[in-house]
Structure formats: structure tokens, C-alpha cells
Amino acid sequence: MGDSQTWTAAPSAAERARSVLAGAWSCGVTAESCREELVGAHTVTDDGRVLLEVPEDSVLVTAAICAPRGEPSAVLEFADVAPVPVRNRIRSRLWLSGWFTPEDGKLAFRATRVVLRLPSGPVVVDLEEFTAAAPDPLATAEARLLTHLADCHPDAVERLTRLVDSDSLHGAVRVQPLAVDRHGVTLRIERARSHGDVRLPFHRPADDVAQLTERMHILLSQAGAASCPRALQRQRTDGDG
């Protein structure tokens with residue numbers, strides 16, 4: 001895909017919800033007063049339906065068969081966990097309420113309500129927008145990209161802090177890459193008793209890993225031309241003592 005002509009500096013709530021679905025490996029399912037934790041058991045269709053592979057004797061199968069047709073009867077919960085070790089690793093949670101129907105040996109779940117809980121609070125996602133949205137093109141590669149950046153290029157992460165306002169870095173004891181999507185990269189700034197997140201937007205969205213590499217190089221070039229934040233300089237001086 002080529003560069004888009006119009007874009008925003010952050011994904012929409014519907015896009016974030018679809019990205020959580022695409023990147024999650026496990027989910028919790030609550031139906032008929034029972035709860036099951038499933039790992040590696042779900043896939044997602046283009047229109048946002050969740051397909052679950054469950055054992056034939058699972059209570060979820062019974063719940064799907066016995067539930068009133070078309071009425072919300074189950075809740076799926078997904079956690080968006082940061083791949084890099086940071087404080088409060090759960091970046092968001094996604095809840096889908098709706099109903100199951102048996103389909104080709106699987107349980108197909110169609111949502112009637114979608115709620116995305118962000119650090120700023122819960123957001124009810126419009127169902128039509130959720131159905132039409134696509135996950136971020138980097139969603140399935142994000143974990144690998146962030147762990148590589150944190151483990152193999154800590155110098156690059158430090159250089160990116162030159163693009164952060166010095167007030168945001170005051171008292172910082174560690175900075176880690178928290179998230180990346182086609183629109184930008186987010187850094188987690190940890191202090192002794194608190195933390196905060198700073199987003200660095202790309203000049204254009206990245207539709208694949210090759211474009212992401214180019215966007216990151218531009219950010220790093222911009223950071224190389226910036227001066228080192230005073231707050232970070234004080235932190236290093238205190239640490240050297």
C-alpha cells in the first residue's frame with residue numbers, strides 16, 4: 001500500500017478495538033454464569049465476528065445452543081498487554097457483548113455492544129464503525145518490533161527522548177517503547193512513583209514494516225538534530241554521582 005493522503009495522528013477507537021482483536025492471543029468468555037479462559041482459540045473475520053474453537057463438551061456450546069436467538073448472552077474480554085516490560089502493562093481492555101451461533105464446528109460470536117477501556121476511560125465503539133474498521137497493519141508485528149527496539153536499540157529509544165518536552169522527562173528513571181502503530185510511536189516514561197506516556201507521530205502513516213523503518217529513521221534524524229533535554233541531563237548527572 002502507498003502513503004495515504006489523509007490521516008490522523010492516532011487510530012480511531014474502532015481501529016484500536018480491531019487491533020486489540022488482531023493482536024490478542026487469549027480471551028475470557030462469560031456466558032450463562034460460567035467463565036472460560038481460552039488461549040489461541042479465536043480468529044477474527046473481516047467484519048469483526050469472532051470465531052472460537054472450543055471442545056465439544058464445553059459449556060459454551062451448551063450456552064450457544066440454549067440461548068434465546070439473537071439476544072445478548074455472552075461477553076468476550078480481551079486485554080491489550082504491552083510486549084515490553086513496563087509498569088501497568090495492560091494498555092487497554094476490550095469487551096464485546098453479543099451472542100454465539102454454531103458455525104462449521106466453531107462458535108461464531110457477533111457483537112451487539114463494543115466497549116474499549118483506555119487509560120483515559122471507557123469508550124463505546126459504534127458498531128458500524130467497528131464492523132467497517134480494519135486492524136492497524138502493524139498490529140500483528142508490534143510485539144516483535146517493540147521488543148527488538150527495546151532489547152537491541154536502547155540507544156535509539158534514548159535518542160527519541162530528545163523529541164519529548166523536558167517537563168515530561170523531569171524525574172524520569174526509565175523510558176521504554178510502549179506502543180507503535182501506523183501513525184506513531186508511544187514512549188512510557190517511568191518515574192520513581194509515577195509514569196506517563198508521550199506519543200511521537202510520524203509525518204505520514206506507515207502501511208507496512210518497511211515504511212515503519214523509514215518513518216522511525218526520520219524521527220531519529222529529527223532527534224539527532226535536537227538538543228538533549230535538561231531534565232534528562234540532570235538525571236544522568238545525579239546517577240553518575
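The structure displayed is predicted, hence computed values, not measured ones.
- Among all heavy-atom pairs drawn from Trp25 and His42, the shortest one is C-CE1, 4.2 Å.
- Residues Leu187 and Pro177 approach most closely at CD2-CA, 4.1 Å, considering heavy atoms.
- Between Pro137 and Asp208, the closest side-chain pair of non-hydrogen atoms is not below 4.5 Å.
- Distance check, rounded to the nearest 0.5 Å: CD of Glu190 to CG of Asp197 gives 9.5 Å.
- Ile218 and Leu160 fall into different hydrophobic clusters, where Ile, Leu, Val, Met, Phe, Trp and Tyr are joined by side-chain heavy atoms under 4.5 Å apart, directly or via other members.
- The side-chain heavy atoms of Leu52 and Val29, taken from C-beta on, include a pair separated by under 4.5 Å.
- Side-chain contact check for Pro205 versus His183: some heavy-atom pair is nearer than 4.5 Å.
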- Task: For the pair Ile189 and Val164, evaluate side chain to side chain contact (heavy atoms under 4.5 Å, CB included) and give the outcome as yes or no after the intermediate values.
- Result: CA-CA 10 Å; Ile189 301 172; Val164 177; 4.0 Å; yes
- Task: For Leu51 and Val44, run side chain to side chain contact (heavy atoms under 4.5 Å, CB included): C-alpha distance rounded to whole Å, both residues' side-chain angles, the deciding distance at 0.1 Å, then the answer.
- Result: CA-CA 6 Å; Leu51 304 180; Val44 185; over 6 Å; no
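- Residues Thr161 and Leu169 meet the side-chain proximity criterion, which asks for heavy atoms closer than 4.5 Å.
- For the pair Arg93 and Phe78, the cation-pi criterion (under 6.0 Å, within 45° of the ring axis) is not fulfilled.
- Residue Glu103 holds its CD atom at 9.0 Å from CZ of Arg110, rounded to the nearest 0.5 Å.
- Val157 and Leu220 fall within the same hydrophobic cluster, where Ile, Leu, Val, Met, Phe, Trp and Tyr residues are linked whenever their side-chain heavy atoms come under 4.5 Å apart, directly or through other members.
- Between Asp207 and Arg182 there is a salt bridge, since a side-chain N of the basic residue sits under 4.0 Å from a carboxylate O of the acidic one.
- Nearest heavy atom pair, residue Cys152 against residue Pro154, reads C-CD, 3.4 Å.
- Between the side chains of Glu36 and Ser58, at least one donor-acceptor pair of N or O atoms lies under 3.5 Å.
- When side chains are defined from C-beta on, Val114 does not count as touching Val124, because their heavy atoms never get closer than 4.5 Å.
- Between Gln222 atom CD and Leu200 atom CG the span is 9.5 Å, to the nearest 0.5 Å.
- With hydrogens and angles left out, the side-chain atoms of Thr30 and Arg35 include a donor and acceptor closer than 3.5 Å.
- Heavy atoms only, all atoms of each residue included: Ala31 and Cys34 are closest at O-SG, 2.7 Å.
- When atom types are taken as modelled, the side chain of Arg18 and the backbone of Ala133 share a donor-acceptor pair closer than 3.5 angstrom.
- Salt-bridge annotation for Lys106 and Asp104: absent, with no side-chain N of the basic residue lying under 4.0 Å from a carboxylate O of the acidic one.
- Counting only N and O atoms by type, the side chains of Arg199 and Thr186 include a donor and acceptor under 3.5 Å apart.
- For Asp151, the CG atom counts as densely surrounded, since its 6.0 Å shell holds more than 12 non-hydrogen atoms of other residues, nucleotides or ligands.
- When side chains are defined from C-beta on, Leu76 counts as touching Phe109, because their heavy atoms get closer than 4.5 Å.
- Summarising the geometry of Ala13 relative to Val123, their closest heavy-atom pair is CB-CG1, 4.0 Å, with the distance given to 0.1 Å.
- In this structure, the side chain of Arg191 engages the main chain of His170 through a donor-acceptor pair within 3.5 Å.
- Judged by distance alone, with hydrogens and angles left aside, the side-chain atoms of Arg188 form a donor-acceptor pair with the main-chain N or O of Arg87 at under 3.5 Å.
- One distance of note links CG of Asp181 with OG of Ser19; it measures 7.5 Å at 0.5 Å rounding.
- Salt bridge annotation for Arg91-Glu142: present, with a cationic side-chain nitrogen under 4.0 angstrom from a carboxylate oxygen.
- The CG atom of Leu212 lies 9.5 Å from the NE2 atom of His217; values are rounded to the nearest 0.5 Å.
- Here the closest non-hydrogen pair linking Thr112 and Gly98 is OG1-CA, 3.7 Å.
- Residues Phe202 and Met216 are in side-chain contact: their nearest non-hydrogen atoms beyond the backbone lie under 4.5 Å apart.
- Val75 and Leu107 are members of different hydrophobic clusters when ILVMFWY side chains are connected at heavy-atom separations under 4.5 Å.
- Between the side chain of Arg159 and the backbone N or O of Ser221 there is no donor-acceptor pair closer than 3.5 Å.
- A donor-acceptor pair under 3.5 Å links the side-chain atoms of Glu15 to the main chain of Ser12, judged by distance alone.
- Crowding of Glu128 atom CD: a count of heavy atoms from other residues, nucleotides or ligands under 6.0 Å not exceeding 12.
- In this structure, CG on Leu145 lies 6.5 Å from CG on Leu138, to the nearest 0.5 angstrom.
- In the hydrophobic clustering of ILVMFWY residues, with side-chain heavy atoms under 4.5 Å counting as a link, Leu116 and Ile90 come out apart.
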- Derivation of the salt bridge (Lys or Arg N to Asp or Glu O under 4.0 Å) call for Glu214 and Arg204: CA-CA 10 Å; Glu214 186 266 345; Arg204 289 182 180 176; over 6 Å; no
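- Sparse packing is recorded around CZ of Arg113, with 12 or fewer heavy atoms of other residues, nucleotides or ligands lying under 6.0 Å away.
- Residues satisfying the ring-ring contact (aromatic ring centres under 6.0 Å, His included) criterion with His195, sequence neighbours excluded, are absent altogether.
- Cluster annotation: Val61 and Phe100 are assigned to the same hydrophobic cluster (Ile/Leu/Val/Met/Phe/Trp/Tyr, side-chain heavy-atom contacts under 4.5 Å, transitive).
- Under the ring-ring contact (aromatic ring centres under 6.0 Å, His included) criterion, His148 pairs with His153, sequence neighbours left out.
- Taking 4.5 Å as the limit, every side-chain heavy atom of Val115 sits out of range of all side-chain heavy atoms of Leu94.
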- For Leu149 and Val84, what are the C-alpha separation, side-chain angles and deciding distance, and is it a side chain to side chain contact (heavy atoms under 4.5 Å, CB included)? CA-CA 9 Å; Leu149 179 61; Val84 175; over 6 Å; no
